[in-house]
Amino acid sequence: MVVLRLPDNSTREAAPGTTAKQIAESIGKRLAQAAIAAKVDGEIVDLNRELPADGEHSFQILTEKDPDALDVLRHSCAHIMARAVMRLFPGAQLAFGPAGDFGYYYDIESPTPIREDDFAKIEAEMKQIVDKAETFDRFELATTEARTLCADLKQALKVEHIDEELKKHPSLSFYRQGEFVDLCRGPHIPHAGKIGAFKILSIAGAYWKNDSTRPQLQRLYGIAFFSQKDLEAYLHRIEEAKRRDHRLLGKQLKLFTISQMVGSGLILWMPKGATVRGILETFIKDELVKRGYSPVYTPHIGRLELYRTSGHFPYYRDAQFPPMYHRPAAGTLDLCQYRLAMGEIDDKREHEYIEYMKQAHMLPPEYINAPSQAAKLDMIHEFVLRLLKELQVVLPEYHRATNHKERADALLKWLMDQEGFLLKPMNCPHHIHIYKAEPHSYRELPIRLAEFGTVYRYEQTGELNGMTRVRGFTQDDAHLFIRPDQVESEFRANIEFVLFIFRTLGLNDYRVRLGFRDPASTKYVGSAEDWDTAQTALEGIVKSLGMSYSAEPGEAAFYGPKIDFVVKDCIGRDWQLGTVQLDYNLPKRFDLEFVGADNKPHRPIMIHRAPFGSMERFMGILIEHFAGAFPLWLAPEQVRVLTVSDKFREYGEKVEAQLRERDVRVTGDFRPDKIGAKIREAQLDKIPYMLVVGDKEQTTGTVAVRSRSAGDRGVLPIAEFMEELETEVKCKSLTPTV
RNA sequence: GCCGCCUUAGCUCAGUGGUAGAGCAAUGCUUUCGUAAAGCAUAGGUCCUGGGUUCGAAUCCCAGAGGCGGCUCCA
């Protein structure tokens with residue numbers, strides 16, 4: 001017998017072979033009808049699955065009310081969508097079709113591409129399937145037979161997946177619904193009729209197994225709910241969220257613009273946006289001074305050598321603006337040197353390299369078709385020989401070299417004499433050289449160098465997005481040079497600083513991500529011991545602060561682990577804002593030292609940190625957070641004086657001048673328009689306070705206050721209003737107080 | 001970078017091969033008004049760019065640029 005512990009902590013015994021559905025029926029008829037799936041020891045299973053034969057297990061029937069049930073429903077809806085697609089697009093092959101908060105999708109490879117125009121047709125077919133309310137039936141096959149079945153169904157991607165990953169399992173499960181059979185782990189809803197409402201949302205490209213070297217499939221996104229009402233509420237919520245879009249509000253409120261001529265991904269801050277940014281910068285600067293930081297300024301470019309030493313170049317070559325050399329030949333030779341130095345490379349790197357060559361217009365057609373990597377390297381070598389000759393570069397060491405590695409070294413040596421520059425992709429190397437400019441005693445540490453440092457990264461075109469993903473941005477950056485015994489206190493202080501800023505701005509909806517090294521990846525530098533030390537230290541600090549977090553391997557910076565504060569934008573995409581990163585690596589690369597109490601040299605540890613992340617991204621998220629309605633202390637225009645008619649212009653100007661005198665960001669709307677029109681405009685501009693002035697106010701020296709959020713607040717003497725205003729600004733209130 | 005969609009006045013958008021349109025904004029005049037839109041008039045165009053098909057292209061075809069939604073990437 002098996003013992004099942006129900007959510008109310010009562011227990012129930014069942015004979016071997018009993019299904020969850022039977023248990024539900026034994027509890028109550030209505031529960032059985034409402035049942036979607038069951039949860040056994042935390043694992044969601046089909047209602048028709050046999051329960052374990054013995055032992056004690058936690059057991060719960062999932063109904064529409066359980067969020068987990070929604071995922072099951074959506075996954076089943078993905079199957080129904082796939083079934084409809086299989087009917088309408090002969091020869092379609094299925095890949096993966098998961099569900100989650102985003103809804104569901106199915107990756108599909110179809111000889112006839114699916115287009116947006118086809119959505120209605122697919123939905124109509126899905127509706128027929130749902131109306132029939134057929135059951136989902138699970139069956140298992142031995143893995144070899146499962147492979148044969150998938151092959152018979154002409155599902156080559158499923159076969160490939162079995163061969164690559166699933167073959168380690170002895171048997172695999174399938175679900176059948178009518179004519180549609182799909183390799184699937186489940187679980188599923190009992191029958192299609194449970195789907196109350198669904199909609200196909202979008203279609204996009206997605207790589208097979210999320211691997212950019214594999215073929216691209218079509219990813220069909222959809223959403224499903226138990227009721228039509230839920231679907232409508234969802235669609236309404238999406239529409240509302242889109243109104244907060246910073247790209248839209250940025251335009252409407254004249255905060256920033258992007259010009260094709262200046263370049264994509266390069267933000268032009270308009271006066272109002274610049275005002276908000278300036279206030280934020282002042283806020284941060286004041287806080288940093290309090291916390292023992294020293295301001296520094298460094299240039300926007302630096303010598304290539306600097307970034308070769310730091311490892312940023314050529315490691316991130318694909319994400320950087322091309323290096324600048326005086327000598328035209330150097331750029332080309334640089335690219336050749338890069339290839340020769342890399343030697344044997346994988347497909348992905350090769351693909352990237354070919355892209356650089358194309359951009360530089362130096363890709364010989366025979367390179368792509370070369371039979372081997374060795375042949376490719378030889379080809380590059382021949383190309384270099386020609387270049388050296390034609391461009392009259394004298395480089396005897398290159399000619400003396402006997403292999404590609406030596407040739408790469410010879411070229412590098414030459415390139416190092418060529419004064420190449422790079423738009424700076426990071427501030428750290430510059431700050432490091434400020435540290436290195438003088439010797440340091442252990443007594444001076446921690447040294448904290450802060451700068452609003454503007455960096456440039458050549459992000460892929462498909463990544464650019466308003467202010468949240470750009471090619472030039474300013475980090476509220478700082479680098480801390482610390483002793484090993486200071487790691488914990490400094491790291492902790494920085495996390496607390498980030499939290500302080502988030503709290504001040506009311507940003508409560510964020511998650512904390514610990515970025516750790518993925519031991520399987522080669523992209524990380526430094527020793528495994530250093531990584532372990534750093535990661536253990538970091539996790540310990542976060543735990544001791546009692547924060548909930550997710551530790552994610554593969555999310556670390558290449559030089560060290562980090563903690564990121566991640567927020568969502570108006571359509572649910574994750575963006576990294578604040579970040580604190582621990583770095584044992586760059587101090588080594590730059591040979592940083594301090595003199596210890598033992599009068600011997602010691603190596604400092606670095607912390608990189610940026611509470612906002614970048615001014616651009618932070619501003620973008622902040623616009624969405626406040627839906628453009630900035631609190632008084634941040635509002636670019638805090639007060640607008642509105643005259644009831646032209647007759648009160650003089651008094652309006654007087655009020656405006658008085659406020660300006662007290663550093664209020666104020667404007668006056670003295671046009672001969674109706675007051676209602678002026679109010680409407682000020683509301684749309686999201687001005688926190690409107691001051692209506694007319695006959696009454698003029699005679700009594702008062703203003704009629706209207707708040708953006710609360711409407712008419714009545715009449716106040718000017719002095720009193722200004723006092724209230726100043727208090728509200730001073731305490732950085734998030735809600736209006738007048 | 002890849003897949004798909006989009007690009008018409010400052011903004012939001014109509015316009016399916018035959019004279020380039022609307023609303024809002026702008027400008028001018030009238031109105032002097034009390035808490036979310038006063039009235040009239042005027043001006044405003046490289047229909048993203050380049051090529052092609054056609055007697056004729058905003059409209060059809062090709063290439064490119066930019067934007068949007070995904071994917072990959074994100075120091």
Side-chain angles (χ1 to χ4, degrees), chain A residues 102 105 107 113-117 201-221 245 247-248 251-252 254 258-261 263-265 307 310-313 315-316 318-320 348 351-352 354-355 358-359 424-429 455 457-466 469 475 515 523-525 555-560 562 564 571 573 575-576 579 581 583 585-586 608 642-649 671-684 690-697 704-708 711-715:
Chain A
F102 56 87
Y105 65 78
D107 286 348
I114 302 166
R115 302 162 60 91
E116 254 170 67
D117 299 345
L201 296 174
S202 65
I203 182 135
Y207 296 106
W208 170 225
K209 299 204 172 184
N210 285 342
D211 180 345
S212 60
T213 62
R214 293 191 193 238
Q216 196 160 39
L217 313 171
Q218 288 193 287
R219 177 168 294 178
L220 197 48
Y221 282 92
D245 193 324
R247 294 164 299 189
L248 212 70
K251 195 181 269 184
Q252 273 170 21
K254 301 186 197 304
I258 299 169
S259 148
Q260 270 190 45
M261 280 308 281
S264 1
Y307 302 106
S310 71
H312 292 111
F313 188 85
Y315 186 84
Y316 283 105
D318 60 322
Q320 277 163 356
K348 198 167 177 174
H351 179 77
E352 276 171 15
I354 288 171
E355 284 304 312
K358 272 191 196 156
Q359 279 168 16
K424 82 172 158 183
M426 287 287 276
N427 298 305
C428 26
V455 297
R457 300 177 186 175
Y458 194 80
E459 304 287 0
Q460 300 180 56
T461 49
E463 295 306 332
L464 298 176
N465 188 280
R469 193 76 187 266
Q475 298 175 310
K523 78 170 196 179
Y524 303 100
V525 296
E555 287 292 326
F558 77 94
Y559 47 72
K562 58 175 181 169
D564 293 326
I571 54 174
R573 286 179 296 204
W575 297 102
Q576 173 194 316
T579 180
Q581 312 177 349
D583 182 4
N585 175 57
L586 284 181
H608 310 235
L642 314 176
T643 44
V644 168
S645 89
D646 221 10
K647 286 190 289 194
F648 311 107
R649 184 186 189 107
R671 295 171 305 171
D673 273 335
K674 285 191 149 186
I675 193 69
K678 294 186 189 186
I679 285 171
R680 178 167 192 273
E681 207 164 294
Q683 278 303 143
L684 292 175
M690 287 151 264
L691 300 182
V692 177
V693 295
D695 192 31
K696 272 184 292 181
E697 290 74 20
V705 180
R706 185 189 161 98
S707 130
R708 165 180 67 194
D712 194 347
R713 307 298 292 159
V715 175

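Protein chains get the first letters and strands the later ones, always in sequence-line order, with residue 1 at the start of each.
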query = Taking N and O atoms by type only, does the side chain of A:Arg115 place a donor or acceptor under 3.5 Å from a partner on the base of B:C3?
reply = no
query = Between A:Leu464 (CG) and B:C74 (C1'), how many Å, whole number?
reply = 12 Å
inquiry  = Give me the distance, rounded to whole Å, that separates B:G66 from B:A22 when you measure between the C1' atoms they each carry.
reply    = 26 Å
key: Inter-nucleotide C1' distance (B:G17, B:U59), Å rounded   = 7 Å
request  = In whole angstrom, give me the gap between the P atoms of B:A20 and B:C48.
outcome  = 15 Å
request  = Measure up the A:His312 and A:Phe558 rings against each other and bin them: parallel (under 30°), tilted (30 to 60°), perpendicular (over 60°).
outcome  = perpendicular
ask   = If you look at every strand shown and take non-hydrogen atoms under 4.0 Å, does A:Ser645 touch a base, only sugar-phosphate, or nothing?
value = base
task = Assess the side chains of A:Gln576 and A:Lys562: does a donor N or O sit below 3.5 Å from an acceptor N or O?
result = yes
task = For the side chain of A:Arg457, starting at C-beta, report the closest nucleotide among B:C71, B:G34, B:A75.
result = B:A75
note = note: A:Tyr105, atom OH; B:C71, atom P; distance rounded to Å ~ 8 Å
key: Euclidean distance, atom CZ of residue A:Phe648 to atom C1' of B:C33 [Å, nearest integer]   = 9 Å
request  = Specify the closest pair of heavy atoms between A:Tyr105 and A:Arg219, including all atoms of both residues, with the distance to one decimal.
outcome  = CE1-NE, 3.2 Å
key: Side-chain donor-acceptor contact under 3.5 Å, A:Ser645 with A:Lys674   = no
request  = Pick the C1' atom in B:C68 and in B:U16, then give their distance to the nearest Å.
outcome  = 24 Å
remark   = To the nearest angstrom, the CG-P distance between A:Asp673 and B:C40 comes to 15 Å
request  = Specify the separation, in whole Å, of atom CG of A:Leu684 and atom C1' of B:A25.
outcome  = 12 Å
request  = Could you tell me the separation between the CD atom of A:Gln260 and the C1' atom of B:G67, rounded to a whole number of Å?
outcome  = 8 Å
ask   = Would one find more than 12 heavy atoms of other residues, nucleotides or ligands at under 6.0 Å from atom CZ of A:Arg115?
value = no
message = Regarding A:Lys209 and A:Asp211, does a basic nitrogen lie under 4.0 Å from an acidic carboxylate oxygen?
response = no
Candidates B:U32, B:C33, B:G69 - which lies nearest the side chain of A:Ser202 = B:G69
request  = Would you classify A:Ala682 as touching base, sugar-phosphate or nothing, given that sugar-phosphate means primed atoms plus P, OP1 and OP2, and contacts are heavy atoms under 4.0 Å?
outcome  = nothing
inquiry  = Between A:Gln218 and A:Ile114 (side chain of the first, backbone of the second, donor and acceptor by atom type, cut-off under 3.5 Å), is there such a pair?
reply    = yes
query = Is there a side-chain polar atom (N or O) of A:Lys647 under 4.0 Å from OP1 or OP2 of B:C33?
reply = yes
message = Closest approach to the side chain of A:Asp695, judged atom by atom: which nucleotide of B:A75, B:U32, B:G34 is it?
response = B:G34
task = Go through the N and O atoms of the side chain of A:Glu697 and the base of B:G34, and report whether any donor-acceptor pair is under 3.5 Å.
result = yes
query = For A:Arg708, does its backbone N or O pair with a side-chain atom of A:Gln683 as donor and acceptor, under 3.5 Å?
reply = yes
request  = With the side chain of A:Ile571 defined as its heavy atoms from C-beta on, choose the nearest nucleotide among B:G67, B:U35, B:G70.
outcome  = B:G70
task = Assess whether one donor atom and one acceptor atom, taken from the side chain of A:Tyr207 and the base of B:G1, lie less than 3.5 Å apart.
result = yes
request  = Identify which nucleotide among B:U32, B:A38, B:C71 has an atom closest to any side-chain atom of A:Ala206, counting heavy atoms from C-beta outward.
outcome  = B:C71
query = When you check the phosphate oxygens OP1 and OP2 of B:C74, does a side-chain N or O of A:Arg469 lie under 4.0 Å from one of them?
reply = no
task = Please report, rounded to the nearest Å, how far the P atom of B:A75 is from the OH atom of A:Tyr316.
result = 5 Å
query = If the C1' atom of B:G4 is compared with that of B:U8, how far apart are they to the nearest Å?
reply = 22 Å
key: Side chain of A:Gln216 - closest among B:G34, B:A75, B:G70   = B:G70
ask   = Contact class for A:Gln218 (heavy atom, under 4.0 Å): base, sugar-phosphate, or nothing?
value = nothing
query = What is the base-pairing partner of B:U42, counting Watson-Crick and G-U wobble geometry with both distances under 3.5 Å?
reply = B:A26
G-U wobble or Watson-Crick pairing nucleotide for B:C33 (cut-off 3.5 Å, both distances) = none
ask   = Picking from B:A75, B:C71, B:A37, which would you name as closest to the side chain of A:Pro425?
value = B:A75
Pairing partner of B:C73 (Watson-Crick or G-U wobble, both distances under 3.5 Å) = none
message = With hydrogens left out and only the distance checked, is there a donor-acceptor pair under 3.5 Å joining A:Arg219's side chain and the base of B:C3?
response = no
inquiry  = A:Glu697 vs A:Val715, test: side chain to side chain contact (heavy atoms under 4.5 Å, CB included). Steps then yes/no.
reply    = CA-CA 8 Å; A:Glu697 290 74 20; A:Val715 175; 4.0 Å; yes
query = Roughly how far apart, to the nearest Å, are B:A37 and B:U42 at atom P?
reply = 26 Å
message = Measuring from the side chain of A:Lys251 (C-beta onward, heavy atoms only), which nucleotide among B:C11, B:A36, B:A65 has the closest atom?
response = B:C11
key: Nucleotide of B:G66, B:G69, B:U35 approaching A:Asn465 most closely (side-chain heavy atoms)   = B:G69
Residue whose closest nucleotide on RNA chain B lies nearer the 5' end, A:Gln320 versus A:Ile203 = A:Ile203
message = Looking at B:G17, which nucleotide sits across from it as a Watson-Crick or G-U wobble partner, both distances under 3.5 angstrom, or is there none?
response = none
message = Using Watson-Crick or G-U wobble geometry with both distances under 3.5 Å, which nucleotide pairs with B:C48?
response = B:G64
message = Taking B:G56 as the reference, what is the distance to B:A65 when you measure between their C1' atoms (whole Å, please)?
response = 28 Å
query = What nucleic acid atoms does A:Gly462 come within less than 4.0 Å of, heavy atoms only: base, sugar-phosphate, or nothing?
reply = base
query = Nearest to the side chain of A:Arg680, which nucleotide is it out of B:U32, B:G70, B:A36?
reply = B:A36
A:Gly694 vs A:Arg573, nearer the 5' end of RNA chain B by closest nucleotide = A:Gly694
key: B:G56 pairs with, by Watson-Crick or G-U criteria that keep both distances under 3.5 Å   = none
ask   = Taking the C1' atom of each, how far is B:G45 from B:A9, in whole Å?
value = 6 Å
